[in-house]
**Student:** 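Provided herewith is a single structure, encoded as structure tokens, for subsequent inquiry.
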Amino acid sequence: MELKEIERQLKKQEAVAKNLEPDANLRSSWLNAVNDYAEGFLEEIDHRKAFETNSEEDAQKTQFNIPDEGSGIQEIIRQLEDVVDRPGLNPASGGHLGYIPGGGVYPSALGDYLAAVFNKYAGIFYAGPGPVKLENSMIRFMCRLVGFPESALGNLTSGGSVATLIAVTTARDKMQIQPEDIRKSVIYLTEQVHHSADKAVRIAGLEYAVIRRIPVDSHFRMDAELLDEQITADVQMDLKPFLIIASAGTTDTGAIDPLDKIAEITEKHKLWMHTDAAYGGFFMLSERLKPRFKGIERSDSITIDPHKGLFLPYGTGAVLIKDVPALSRSHFYTANYMQDKTETPAEPSPADLSPELTKHFRGLRMWLPLKLFGLNAFKAAAEEKQLLALYFREKVKALGFELGPEPDLSVTVYRYVPSGRDANAFNKALVECVKRDGRVFISSTLIHGQVWLRLALLSFRTHRQTIDTALEVLQQSVVLLSDGKDCC
Ligand SMILES: *Cc1c(COP(=O)(O)O)cnc(C)c1O
């Protein structure tokens with residue numbers, strides 16, 4: 001191309017490309033429109049359904065096509081409302097009492113907004129000293145919470161699953177599991193462990209390792225004595241035990257394994273102990289509940305999810321690891337084009353401690369709410385959630401429901417046993433009835449072949465009033481079903 005032609009083309013393309021930089025007026029009109037919508041959403045949240053059914057037809061109709069020319073913000077927001085915001089589960093609702101409820105504290109949205117506007121690079125200290133330091137501070141805050149030493153660190157991940165993958169990978173390398181050892185290597189966990197642990201094991205190339213599911217006691221906690229016996233037996237069989245995955249708050253029942261005893265056994269046999277505290281970890285903010293986690297500080301690695309117990313929006317998990325050199329050995333890499341990095345930075349870089357290089361600056365969405373609200377509000381909310389579980393149990397028992405074991409945290413199971421009818425079918429129908437009503441959302445689980453209803457409390461928007469509504473819906477549903485009626 002000749003220079004003249006290049007210049008002509010440049011002028012033409014630049015004029016259109018500059019659309020990517022809206023002026024102040026346009027920026028503020030977009031921001032106002034988005035803010036108006038967000039405000040409408042937040043003002044309404046306490047009255048909105050926790051679950052809205054959507055038809056297959058509506059789902060089919062939905063199209064996210066990309067136009068060649070831009071569209072107006074109002075039209076786009078309307079589409080978002082219809083097809084993204086409304087249908088399905090509303091995880092931001094305090095009425096979400098199923099699975100593990102979601103959060104979404106408001107300042108996180110502002111943190112994300114700022115992170116996206118200034119787009120700081122949070123992967124490497126040399127390029128983004130501020131963001132890296134901020135993220136490491138958040139990780140150290142969590143390390144202190146669980147009782148890890150100052151030398152520990154980890155990584156802010158997209159969630160608990162990736163956090164566990166990082167931990168399992170580090171354990172594999174630190175324990176020197178060579179490819180030829182895999183079939184003789186042994187991993188210990190319980191049937192109650194979150195499936196993300198099994199997934200991490202498989203992705204880390206350990207699918208063919210020996211997996212021992214240690215039986216649980218009547219509270220769904222790992223039986224530490226059987227664990228010890230199994231490890232001893234495995235060693236005698238010339239196998240290579242190397243990893244124990246304990247849970248500090250199982251998803252199904254909120255159970256905390258006997259961490260102190262497990263740590264004892266881990267140390268005796270010189271294994272790696274990983275504790276999955278994705279759901280439960282932030283209950284350590286409560287002085288009353290903290291003793292239940294005794295022994296967690298003896299873990300080698302921990303998964304903890306700020307997008308659960310710290311009520312952040314989805315996309316923020318964390319792995320905490322004591323042996324930072326081991327974490328780095330499994331994840332460090334360097335490339336020619338990055339040779340300008342300083343040799344010994346003052347702060348370790350996330351890129352050296354995780355699979356990611358360029359990453360979302362997650363720290364800001366965590367730091368901003370902690371800074372604006374202060375820690376006490378989070379402590380009270382954790383405390384409140386657990387008290388609500390106890391409150392619910394008293395009340396639902398009075399309605400004639402059967403209770404599962406006393407919960408360690410804020411997940412509790414219960415079921416209705418009708419006389420002369422199939423309890424499993426009845427409880428499944430109950431879930432449907434509650435879903436139909438929509439004011440609250442609950443889920444169920446299968447324990448030893450029995451259908452149990454679960455109440456999981458982890459939304460900062462769930463308060464006593466929400467639980468009273470849940471009890472009312474359950475009571476009405478039982479009456480309807482007992483009369484042989486159908487809720488649907
Ligand atoms: C949610 C959860 C996970 C998985 O975490 P994600 O953030 O969803 O990837 C792992 N373990 C437990 C106990 C959980 O509750």
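When a ligand or atom number is given, it counts from 1 through the structure's own listing order.
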**Student:** Are Phe361 and Tyr121 near enough that their ring centres are under 6.0 Å apart?
**Tutor:**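 Distance test on ring centres: not under 6.0 Å, no.
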**Student:** Looking only at protein heavy atoms, which one is nearest to atom 13 (C) of ligand 1, and how far off is it?
**Tutor:**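 I find the closest protein heavy atom is Thr251 OG1, 3.3 Å.
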**Student:** Which bit of Ser161 is near ligand 1, meaning a heavy atom under 4.0 Å away: side chain, backbone, both or neither?
**Tutor:**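 Both backbone and side chain of Ser161 come within 4.0 Å of ligand 1.
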**Student:** Under a heavy-atom criterion of less than 4.0 Å, does Ser196 contact ligand 1?
**Tutor:**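 Under 4.0 Å: yes for Ser196.
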**Student:** Can you tell me the protein heavy atom closest to atom 4 (C) of ligand 1 and the distance?
**Tutor:**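 I find the closest protein heavy atom is His194 CE1, 3.5 Å.
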**Student:** Any side-chain donor-acceptor pair under 3.5 Å between Asp305 and His307?
**Tutor:**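 Asp305 vs His307: donor-acceptor pair found between side chains.
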**Student:** Report, in ascending order of atom number, the atoms of ligand 1 lying under 4.0 Å from any heavy atom of Asp305.
**Tutor:**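 It comes down to these atoms of ligand 1: 5 (O), 6 (P), 7 (O).
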**Student:** Counting each atom of ligand 1 from 1 as listed, which ones have a heavy atom of Lys308 under 4.0 Å away?
**Tutor:**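 With Lys308 as reference, the close atoms of ligand 1 come out as 1 (C), 2 (C), 3 (C), 4 (C), 5 (O), 14 (C), 15 (O).
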**Student:** Any heavy atom of Gly249 closer to ligand 1 than 4.0 angstrom?
**Tutor:**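 Gly249 counts as a contact of ligand 1 under the 4.0 Å cut-off.
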**Student:** If you measure from the Lys or Arg side-chain nitrogens to the Asp or Glu carboxylate oxygens, is any gap between Asp234 and Lys184 under 4.0 Å?
**Tutor:**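 Between Lys184 and Asp234 there is no salt bridge, as every charged N stays at least 4.0 Å from the carboxylate O atoms.
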**Student:** Indicate yes or no: does an N/O atom of Gly159 lie under 3.5 Å from an N/O atom of ligand 1?
**Tutor:**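 Between Gly159 and ligand 1, no N or O pair is found under 3.5 Å apart.
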**Student:** In sequence, state the C-alpha distance, the side-chain angles, and the governing distance for Glu150 and Arg140, and then conclude on salt bridge (charged side-chain N to carboxylate O under 4.0 Å, His left out).
**Tutor:** CA-CA 7 Å; Glu150 278 302 305; Arg140 290 189 181 109; 5.2 Å; no
**Student:** Just jot down the ligand 1 atoms closer than 4.0 angstrom to any heavy atom of Ala278, in number order.
**Tutor:**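 Contacts of ligand 1 toward Ala278, numbered from 1: 2 (C), 3 (C), 10 (C), 11 (N), 12 (C), 14 (C).
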**Student:** When you measure from the centre of the six-membered ring of Phe282, is the NZ or CZ of Lys308 under 6.0 Å away and within 45° of the axis?
**Tutor:**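 Not flagged: Lys308 not positioned over aromatic ring of Phe282.
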**Student:** Would you mind listing which atoms of ligand 1 come within a distance below 4.0 Å of any non-hydrogen atom of Gly160?
**Tutor:**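 It comes down to these atoms of ligand 1: 5 (O), 6 (P), 7 (O), 9 (O).
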**Student:** So does Lys174 pair up with Asp300, basic N to acidic O under 4.0 Å?
**Tutor:**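 No salt bridge links Lys174 with Asp300.
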**Student:** How far is atom 11 (N) of ligand 1 from the closest protein heavy atom, and which atom is that?
**Tutor:**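 It is Asp276 OD2, 2.6 Å.
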**Student:** Are Tyr99 and Phe441 close enough that their ring centres sit under 6.0 Å apart?
**Tutor:**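 Yes: the rings meet the under 6.0 Å criterion.
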**Student:** Is the distance between the ring centroids of Phe426 and Tyr416 under 6.0 Å?
**Tutor:**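 Yes.
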